[in-house]
4 protein chains.
Amino acid sequence: MKDKRQQILETALKLFVENGFHATPTSMIAKEAGVATGTLFHHFKTKEELINTLYLETKEILIQALTKQVNEQDTLKSKFRQVFYNAINWAISHPDHQFFYSQYSYSPFISTLTRELGLQRFHVIQELLKEGQENDILKAIPIGLMIDTAQGTLDGITNYLMEHPEKIDDREFTEQAFSMFWDVLKG
Amino acid sequence: MKDKRQQILETALKLFVENGFHATPTSMIAKEAGVATGTLFHHFKTKEELINTLYLETKEILIQALTKQVNEQDTLKSKFRQVFYNAINWAISHPDHQFFYSQYSYSPFISTLTRELGLQRFHVIQELLKEGQENDILKAIPIGLMIDTAQGTLDGITNYLMEHPEKIDDREFTEQAFSMFWDVLKG
Amino acid sequence: MKDKRQQILETALKLFVENGFHATPTSMIAKEAGVATGTLFHHFKTKEELINTLYLETKEILIQALTKQVNEQDTLKSKFRQVFYNAINWAISHPDHQFFYSQYSYSPFISTLTRELGLQRFHVIQELLKEGQENDILKAIPIGLMIDTAQGTLDGITNYLMEHPEKIDDREFTEQAFSMFWDVLKG
Amino acid sequence: MKDKRQQILETALKLFVENGFHATPTSMIAKEAGVATGTLFHHFKTKEELINTLYLETKEILIQALTKQVNEQDTLKSKFRQVFYNAINWAISHPDHQFFYSQYSYSPFISTLTRELGLQRFHVIQELLKEGQENDILKAIPIGLMIDTAQGTLDGITNYLMEHPEKIDDREFTEQAFSMFWDVLKG
DNA sequence: GATGAATGAGAATTCATTCAT
DNA sequence: GATGAATGAATTCTCATTCAT
């Protein structure tokens, strides 16, 4: 049997995504996780601590995923392509985590501190963007705008894929998608 | 003195944006709106009816705003530019409405029916996109992907502007932003 | 039917005396008072506010009782006798209030502010004590010691009377009791 | 390192005095005593057993202290003086115990059985009072009234000393205090 | 003896909603 | 239309106690 703490975290993730934070009673989390309510509060002092822990613990996994197989000797475009594929593959294979991030990253339930730690999520991409601007490959615009727009575009593509997950294996389709992402950025 | 019903709607919008739906008690809305709790429920049978009404009543304003000054005889790019400027100007001048839409458009508090009505928000843009594809001006990709990506890119740009509202008057900046939006779409 | 707020206060007084503060759930107070739990919290924001209100509202009654029929032209001893009889009569006829004061005056449930207001309880007696010292009738000792000791002696006598309430009508007995009280004080 | 059982008792005494019985969780006692929660329940089957044990174990010490140096051949007044000094000295040097007794002697947490055992506390004094009445030295009043009043007066004096502990070494002051105590009793 | 994770009944408090005025 | 006291189910959190290690 899995660790009870872990079981609570996984159940909470699922239920928060399905119902929302406030619409998910701690009693429901405990019940579905197969533990007593007291156990939940034994591991997480408050409901808020639970969601913040959830945010931070799952963030790690995502960061790892995004940078996988990005090789230093690749061209910039290749690096972006790899990150792009990492991102959409991760989203498709971890839909709950993906929904969790899009719903809660900017919600008031996640404390400012936690959110700031979580922002490192796109640190890798930010570095790539800066590198591209310095080498005159990407658009010469304020880096902040570039970051926000890149993220928005990626989110849009991901949204579509979440609703049409079969497309993830259609290489022609994903390459078209990547070309949209790339065109936003390239100078 | 303003109509009490209207006062309730405006207060609710503000508080829902600030605190979230579930974290905003109806008693707080009533108090801040300067009416009795009974009055709120006199005008809106339930709290859900209140937020759905809010969604629909404010949607109208947005739709009007997006299509303003889009002339039939303009080039497609000009039309897109106009819609783009309409969208970012509206967001900057109605930040609460903008936050309200980004928070609640896909939340479970908005009933499916209401949401579908609201989707007409981007109906204009969808028509433009189709027109552009038919004329080989835009990328030849599934229309759904194009819609989602366009919306994502626009949201990203808007996010940035919401945090740097002074840029809205910097024409060079907004043109750079538009070029990102346009590059996503154009073939 | 009595005012619900008043009904809650009276029920709470009785139950706090019987069971103690922490051993009296608000649900029990509400039930016994014949109101919904929500009603209790409608009138008193917290359980602590309830007990503090109780303390202050009942204090008034006591203060009035202690100074009844104390005439300016009486001798000092007569004044003390009158206050003494007022005190023991009040205790016997309001046993719940009396128990409430002896249990909660120095408990942590009563906030410091509330307690200080309540200390005015013995203000009358304090004035009489000072007067007696100035006229060389009472012991020439620190006033603080005199106050505390007088209160202790009176409490002791009251304790005995609470357990033998029939004695209250035995004038010979009460005069003996008063002589103990007086002997503590007189020089 | 001290015995864990003893450590628990001492910590509990301190915390019960500071916060009250119900406001002191067993978990807090265990934590502050540096033991596991299980350990507390290994030594005391229930929380009630803990406080009752506390009451009885510390009572012994007090009883010993009160009768110290009371010699058979002394005059009655000398005996009372000795007991009086023993009482106030003990209170000053064991403030937590003193508070514990004044708070819990008559509380419902101490079982009737325990309380009765504890009443022996004033057994010595009761014997002296009876002796004094038989010899026509003390007031000829019901013994119960005498006991309660004597205890009340002593408590009053002790209360004052607890807040002005420096006075304990002022012999003139303590003799004045004793004279109040004595005047209550003597015929 | 000692540990501390696990338990679940029970506590204070909240809040959408009703209804008599 | 407007009011706000009253409602009670639902929620978060507490805490004495158990038990496997």
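All heavy atoms count here, side chains included; hydrogens, waters and symmetry mates do not. In what follows, every chain begins at residue 1, and chains take the letters A, B, ... in the order their sequences are listed. This one's a predicted model, so the numbers in the text were calculated from it and none came from an experiment.
In this structure, A:F44 places its CZ atom 13 Å from C1' of E:dA5, rounding to the nearest Å. The CG-P distance, from B:L40 to F:dA5, rounds to 16 Å in whole Å. Here the C1' atom of nucleotide F:dA2 and the CD atom of B:Q6 are 18 Å apart, to the nearest Å. Distance CD (C:E49) to P (E:dT14): 11 Å, rounded to an integer number of Å. What separates CD1 of D:I8 from P of F:dA16 is a distance of 14 Å, to the nearest Å. Atom CD1 of A:I29 is separated from atom C1' of E:dG8 by 17 Å (rounded to the nearest Å). Distance CZ (D:F41) to P (F:dT17): 5 Å, rounded to an integer number of Å. Separating the CE atom of B:M28 from the P atom of F:dG4 is a distance of 18 Å, rounded to the nearest angstrom.
A tilted orientation is assigned to the rings of D:F100 and D:Y104, their planes being inclined by 30° to 60°. The aromatic rings of D:H97 and D:W90 sit perpendicular, their planes meeting at an angle over 60°, well past the 30° parallel limit.
When the nucleotides F:dC13, E:dA16, E:dA12 are ranked by their closest atom to the side chain of B:P25, E:dA16 comes out on top. Comparing F:dT7, E:dT18, F:dT14 by their closest approach to the side chain of C:A36 singles out F:dT7. Of the candidates F:dT12, F:dT7, E:dT18, the closest approach to any side-chain atom of A:K47 belongs to F:dT12.
Of all nucleotides present, only E:dA11 satisfies the Watson-Crick or G-U wobble test against F:dT12, with each distance under 3.5 Å. Within the shown strands, E:dC19 is the pairing partner of F:dG4 under the Watson-Crick or G-U definition, both distances less than 3.5 Å.
Dashed line: the shortest gap from a side-chain N or O of D:T39 to OP1 or OP2 of E:dT3 is under 4.0 Å. Side-chain N/O atoms of C:T26 include one lying less than 4.0 angstrom from OP1 or OP2 on E:dA12. Between B:H22 and E:dA16 there is no side-chain polar atom (N or O) within less than 4.0 angstrom of OP1 or OP2. The side chain of C:K31 contributes no N or O atom lying less than 4.0 Å from OP1 or OP2 of F:dG8. D:H42 has no side-chain polar atom (N or O) that falls below the 4.0 Å cut-off from OP1 or OP2 of E:dG1.
Between D:Y101 and the choices D:D96, D:L62, D:D155, the side-chain contact (heavy atoms from CB on, under 4.5 Å) rule is met once, by D:L62.
Comparing A:S27 and D:S27 by the nucleotide of DNA chain F whose heavy atom lies nearest to each, the residue mapping closer to the 5' end is A:S27. Heavy-atom distances to DNA chain E give each of D:R5 and B:E48 a nearest nucleotide, and the one nearer the 5′ end belongs to D:R5. Map C:F21 and B:K45 each onto its nearest nucleotide of DNA chain E; the residue landing nearer the 5' end is C:F21.
For the atom pair CD (C:Q98) and CE (C:M162), the distance works out to 5.0 Å, reported to the nearest 0.5 Å. Rounded to the nearest 0.5 angstrom, B:L13 CG and B:T24 OG1 are separated by 10.5 Å. A distance of 9.5 Å separates CD1 in B:I29 from CZ in B:F44, rounded to the nearest 0.5 Å.
For a distance-only test at 3.5 Å, the side chain of B:T37 qualifies as a donor-acceptor partner of the base of F:dA5.
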